[in-house]
Amino acid sequence: MIKFPKEFVWGVATSSYQIEGAVNEDGRTPSIWDTFSKTEGKTYNGHTGDVACDHYHRYKEDVEIMKEIGVKAYRFSIAWPRIFPEEGKYNPKGMDFYKRLVDELLKRDITPAATIYHWDLPKWAYDKRGGWLNRDSVKWYVEYATKLFEELGDAIPLWITHNEPWCASILSYGIGEHAPGHKNYREALIAAHHILLSHGEAVKAFREMNIKGSKIGITLNLTPVYPASEKEEDKLAAQYADGFSNRWFLDPIFKGNYPEDMMELYSKIIGEFDFIREGDLKTISVPIDFLGVNYYTRGIVKYDEESMLKAENVPGPGKRTEMGWEISPESLYDLLKRLDREYTKLPMYITENGAAFKDEVTEDGRVRDDERIEYIKEHLKAAAKFIEEGGNLKGYFVWSLMDNFEWAHGYSKRFGIVYVDFNTQKRILKDSALWYKEVIEKSAIEE
Ligand SMILES: N#[N+]C[C@@H]1[C@@H](O)[C@H](O)[C@@H](O)[C@@H]2O[C@H]12
């Protein structure tokens, strides 16, 4: 057996727009994902989060399922449009849902871990000059975060300011695959800067409130990048791809500056960095208590003179998930070691790791997701090796508790350890949930 530390946190993760539904209830107003998912061609078969897993109404059942699996912590996100449906107008009814949810979790000794922003920006914020493009978004976000700290504060031991700023900026304002669907790289870097700035300001507000027993951090999606060969040009391609995916966020948070090589590269594309003001980087790099790491796969690149990043993706040799992502548990180990070596000795949590596979309910009512069990087991082995070598890894959250709205892929990709029949809302514990239950009970995995 491979043992984990006794106090290791075994969790599951979800996010508000992906599971809650009830998009028009108790005062909630639309988010940018409500409008984006209803825009022709933006999501698989026009799927939306209007109903999703109906978690808003079924949260007690879902918490009961978590208890049955034995999870120790639940990472969820709070829907900003429930809390501030209009600019400056607090909605207590929206907050009450999260108070009920947290009460249910605490009653069952499940630690709440709350993500303040997981991409569902209120539409009113976007309508005011483009949401994260507007530096006022920092002010709006801090007002929202502060209200959460006031109302939920010490009931939530782990506060996460943002989920995957790379996706909320680069994928959303630069590549256009996520809401609001812009394709402008200068906008992407402006949005990234304001999101990072809002993170720093929220951490400062959190510190001023002196919330006993609670910690605050941020969750980054990080993708280790490897050169396709030992050729110097391929190594340069990997350097730029690493800057694009990882260092553009890690460096400001932990080193207080944007990476020079990427500033130089990007300046040729976006011109002046006139959106960065004196003191911004000092704010962004305020000390945090932990780093959340979302890990799914690695990248391999070769040099490409024509591309913005001088890099072209090269498919890896490993098996793939339904998302087409190479399965590479050893790259998780490399990533954790690099973070420890180059960035931080702070506690880290794997705040998301999991995979989409073709899941089917067999006649006996089971979902035999052996591939998902294998995926999670191999990544836990990588995590265990890091811990064994003294790495400061404190917990692991499976993405996801249950099948849910997978953004542009709609309901076509199933990541859950619990199967959801979206026609009936019936939940079925997959074999992976039953396996995870045993892992949690022993705090160990078989070799
Ligand atoms: N794709 N994919 C699955 C998963 C997504 O469902 C989460 O919302 C994100 O935080 C992160 O991208 C990872």
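Not measured: the values here are computed from a predicted model. Side-chain atoms are counted along with the backbone in the values below, which use heavy atoms only and exclude waters and symmetry mates.
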Would you say the side-chain atoms of [X] and [Y] include a donor-acceptor pair closer than 3.5 Å?
X: Gln18; Y: Trp119; answer: no
X: Glu187; Y: His182; answer: yes
X: Thr223; Y: Tyr295; answer: no
X: Thr14; Y: Tyr74; answer: yes
X: Ser77; Y: Ser16; answer: yes
X: Asn353; Y: Tyr296; answer: no
X: Ser169; Y: Trp132; answer: no
X: Asp251; Y: Tyr343; answer: yes
X: Tyr258; Y: Tyr266; answer: no

Enter the distance from [X]:[atom1] to [Y]:[atom2] here, rounded to the nearest 0.5 Å.
X: Tyr396; Y: Glu352; atom1: OH; atom2: CD; answer: 10.5 Å
X: Asn24; Y: Thr29; atom1: CG; atom2: OG1; answer: 9.5 Å
X: Asp50; Y: Phe405; atom1: CG; atom2: CZ; answer: 9.0 Å
X: Glu177; Y: Leu171; atom1: CD; atom2: CG; answer: 5.0 Å
X: Asn221; Y: Ser245; atom1: CG; atom2: OG; answer: 8.0 Å
X: Ile190; Y: Ser137; atom1: CD1; atom2: OG; answer: 11.0 Å

Given 3.5 Å as the limit, does a donor-acceptor pair link the side chain of [X] with the main chain of [Y], or not?
X: Ser432; Y: Arg372; result: no
X: Thr43; Y: His47; result: yes
X: Ser443; Y: Val439; result: no
X: Arg28; Y: Val23; result: yes
X: Ser267; Y: Glu264; result: yes
X: Thr219; Y: Asn163; result: no
X: Asp234; Y: Tyr303; result: yes
X: Tyr419; Y: Asp359; result: no
X: Trp33; Y: His178; result: no
X: Asp403; Y: Gly416; result: yes

I'd like a table of donor-acceptor pairs (distance under 3.5 Å, sequence neighbours excluded) in which one partner is a side-chain atom from residues 383-393, with atom names and distances.
residue : atom : partner : partner atom : Å
Glu389  : OE1  : Tyr333  : OH           : 2.5
Glu389  : OE1  : Lys337  : NZ           : 2.7
Glu389  : OE2  : Tyr333  : OH           : 3.0
Asn392  : OD1  : Lys394  : NZ           : 3.4
Asn392  : ND2  : Lys345  : O            : 3.0

Are there over 12 heavy-atom neighbours, none belonging to [X], within less than 6.0 Å of that residue's [atom1]?
X: Lys302; atom1: NZ; answer: no
X: Lys319; atom1: NZ; answer: no
X: Lys183; atom1: NZ; answer: no
X: Tyr44; atom1: OH; answer: no
X: Lys381; atom1: NZ; answer: yes
X: Arg320; atom1: CZ; answer: yes

Out of the candidates Ile218, Leu220, Asn294, only one should pair with Glu164 under the side chain to side chain contact (heavy atoms under 4.5 Å, CB included) rule; please name it.
Asn294
Decide yes or no on side-chain hydrogen bond (donor to acceptor under 3.5 Å, both in side chains) for Glu374 and Trp435, but give the supporting numbers first.
CA-CA 10 Å; Glu374 187 63 18; Trp435 172 82; over 6 Å; no
Salt bridge (charged side-chain N to carboxylate O under 4.0 Å, His left out), that's the test. Do Arg207 and Asp289 meet it? Break it down for me.
CA-CA 11 Å; Arg207 297 290 184 229; Asp289 301 316; 2.9 Å; yes
Does any part of the side chain of [Y], heavy atoms only, come nearer than 4.5 Å to the side chain of [X], both counted from C-beta?
X: Tyr117; Y: Ile160; answer: no
X: Leu339; Y: Phe254; answer: no
X: Ile69; Y: Val12; answer: no
X: Val51; Y: Glu20; answer: no
X: Val367; Y: Glu360; answer: no
X: Ser31; Y: Trp80; answer: no

Results of side-chain contact (heavy atoms from CB on, under 4.5 Å) for [X] - residues two or more places apart only:
X: Pro287; result: none
X: Asp274; result: Arg186, Glu272
X: Pro30; result: Asp34, Lys123

Could you go through the salt bridge (charged side-chain N to carboxylate O under 4.0 Å, His left out) check for Asp369 and Lys430 one step at a time?
CA-CA 7 Å; Asp369 56 338; Lys430 301 178 189 176; 5.1 Å; no
For residues 189-201, the salt bridge (charged side-chain N to carboxylate O under 4.0 Å, His left out) pairs (sequence neighbours left out) are Glu201-Lys204
Determine, for Tyr226 and Arg298, whether the Lys NZ or Arg CZ falls below 6.0 Å from the six-membered ring centre while staying within 45 degrees of the axis.
yes
Cation-aromatic face contact Lys147/Tyr90, 6.0 Å, 45 degrees:
yes
Classify the ring geometry between Tyr141 and His162 as parallel (under 30°), tilted (30 to 60°) or perpendicular (over 60°).
parallel
Check the angle between the aromatic planes of Phe422 and Tyr411 and answer parallel, tilted or perpendicular using the 30° and 60° thresholds.
tilted
Taking the six-membered ring for Trp, are Phe84 and Trp140 ring centroids under 6.0 Å apart?
no
Centres of the Phe397 and Trp399 rings: under 6.0 Å?
no
Run the salt bridge (charged side-chain N to carboxylate O under 4.0 Å, His left out) test on Arg414 and Glu406 for me, step by step, so that the C-alpha distance in whole Å, both residues' side-chain angles and the decisive distance to 0.1 Å come before the verdict.
CA-CA 8 Å; Arg414 293 179 176 273; Glu406 184 42 57; over 6 Å; no
Sequence neighbours excluded, which residues qualify as side-chain hydrogen bond (donor to acceptor under 3.5 Å, both in side chains) partners of Trp124?
none
